[in-house]
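What follows is a single structure, written as structure tokens, with notes after it.
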2 protein chains.
Amino acid sequence: MIENDFFRALADPTRRAIFEKLAAGSMNASALREGMEISQPAMSQHLAVLRSAKLVREERQGRFVNYEVDPDGLALIAQWLAKYRAYWPERIAALKVLLKDMDQ
Amino acid sequence: MIENDFFRALADPTRRAIFEKLAAGSMNASALREGMEISQPAMSQHLAVLRSAKLVREERQGRFVNYEVDPDGLALIAQWLAKYRAYWPERIAALKVLLKDMDQ
DNA sequence: GAATCGCATAAGTACGTGCTTATGTGTTCG
DNA sequence: CGAACACATAAGCACGTACTTATGCGATTC
């Protein structure tokens, strides 16, 4: 039941904010905290949850740990969503355009 | 913050099971309970959560209430996912195929 | 219209989760 | 090597959440 991981991970607004910040550019845990009013342990715990959900991956760089979006998690969500394509409304223009891009 | 609703709704495995069952065919609350070992109030509460997340919609039919998948919620998830298309891996073959279908 | 059925809501409870403070681990630098 | 730094982990606590039992409410049936 891997779906449990990413849905649970994204159910928390703070974690979504962290993920969104990483999507704008990879950075280390300290940089992530800037402007977020979150303690260091809390950030570390959130990153651990996002990591186990494969939404984020880490890379040690000296004494810093750089974090970046892990495509694996997004792929899993996409696959989950794909199961219900029969119910996708016509107006999901965003996905249509995206897929066209990917086919090129 | 509407994203909160559907991510939180899908974070529970029981609710995902209910949603999945409805995706296979719309039915009323009693029919949903069959083979699920879940009390009637619990089912009702789960359906209320799915409803407020726009993942499911109801339709009164006599003294039954028929439930079906609401495309609105799926569209919201798709829109959320689309924001991170820059990170979609090449191997999301499933979505590629799906979008081709939709473009026809 | 009274009983029954399908479902929703109320209230209480056990457990999960996100936070805190405190401490540990690995890395760099003087 | 020892101090400082970046981060992870531990333990405890307040709160949210998913369940339970009990009851309410609309619709059907006799």
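Just so it is clear, the structure is predicted and the values come from calculations on it, not from any experiment. Numbered from 1 within each chain, the chains take letters A, B, ... in sequence-line order.
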Run A:Asn4 and B:Arg16 through side chain to side chain contact (heavy atoms under 4.5 Å, CB included) and show every step you take. CA-CA 9 Å; A:Asn4 224 340; B:Arg16 282 202 307 278; 3.6 Å; yes

Here the salt bridge (Lys or Arg N to Asp or Glu O under 4.0 Å) pairs for residues 38-55 of chain B, sequence neighbours left out, are B:Arg51-B:Glu58

How would you list all residue pairs meeting salt bridge (Lys or Arg N to Asp or Glu O under 4.0 Å) that involve residues 17-26 of chain A, not counting sequence neighbours?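 Listed once each, the pairs are A:Glu20-B:Lys83.
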
Do any N or O atoms of the protein come closer than 3.5 Å to N or O atoms of nucleotides 25-30 of chain D, and which pairs are they?
none

Could you give the distance from [atom1] ([X]) to [atom2] ([Y]), rounded to the nearest 0.5 Å?
{"X": "B:Tyr84", "Y": "A:Leu55", "atom1": "OH", "atom2": "CG", "result": "10.0 Å"}
{"X": "B:Asn28", "Y": "B:Tyr67", "atom1": "CG", "atom2": "OH", "result": "10.0 Å"}
{"X": "A:Leu50", "Y": "A:Asp12", "atom1": "CG", "atom2": "CG", "result": "9.0 Å"}
{"X": "A:Ser39", "Y": "A:His46", "atom1": "OG", "atom2": "NE2", "result": "8.0 Å"}

Do A:Phe7 and A:Trp80 pass the ring-ring contact (aromatic ring centres under 6.0 Å, His included) test, and can you show the C-alpha distance, the side-chain angles, and the key distance before you say yes or no? CA-CA 11 Å; A:Phe7 278 129; A:Trp80 181 90; 4.9 Å; yes

So, is A:Tyr67 near the phosphate of D:dA8, with a side-chain N or O under 4.0 Å from OP1 or OP2? yes

How is A:Arg15 classified with respect to the nucleic acid when contacts are heavy atoms under 4.0 Å: base, sugar-phosphate, or nothing? sugar-phosphate

Could you check whether B:Arg33 gets within reach of a base, just the sugar-phosphate, or nothing at all, counting any heavy atom under 4.0 Å? nothing

Is any side-chain heavy atom of A:Leu32 less than 4.5 Å from a side-chain heavy atom of A:Ile18? yes

Starting at atom CG of B:Leu50, determine the distance to atom P of D:dA18, rounded to an integer number of angstrom.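 To the nearest whole Å, that distance equals 11 Å.
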
Can you tell me the distance, in whole Å, between the CD atom of A:Glu58 and the P atom of D:dA6?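 Atom-to-atom, A:Glu58 to D:dA6, this comes out as 17 Å.
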
What's the verdict on side chain to side chain contact (heavy atoms under 4.5 Å, CB included) for B:Leu76 and B:Glu3, showing C-alpha distance, side-chain angles and the deciding distance? CA-CA 8 Å; B:Leu76 290 170; B:Glu3 303 164 352; over 6 Å; no

Heavy atoms within less than 4.0 Å of DNA chain D: which residues of residues 37-49 of chain A have one? Give them sorted by number. A:Gln40, A:Pro41, A:Ser44, A:Gln45

Taking heavy atoms of chain A and a 4.0 Å limit, find me the 5'-most and 3'-most nucleotide of DNA chain C within that range.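 Reading along DNA chain C, I get C:dT17 to C:dT28.
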
Stepwise, does the side chain to side chain contact (heavy atoms under 4.5 Å, CB included) test hold for B:Val65 with B:Glu59? CA-CA 6 Å; B:Val65 176; B:Glu59 184 185 0; over 6 Å; no

Looking only at heavy atoms, what is the nearest atom pair of A:Val56 and A:Leu22, with distance?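 For A:Val56 and A:Leu22, the tightest heavy-atom pair comes out as CG2-CD1, 3.5 Å.
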
When you measure from every atom of DNA chain C, which of residues 19-31 of chain B have a heavy atom less than 4.0 Å away?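 Contacts with DNA chain C under 4.0 Å: B:Asn28, B:Ala29, B:Ser30.
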
Under a 3.5 Å distance rule, please check whether B:Asp70 uses its side chain to pair with a backbone N or O of B:Gly73 as donor and acceptor. no

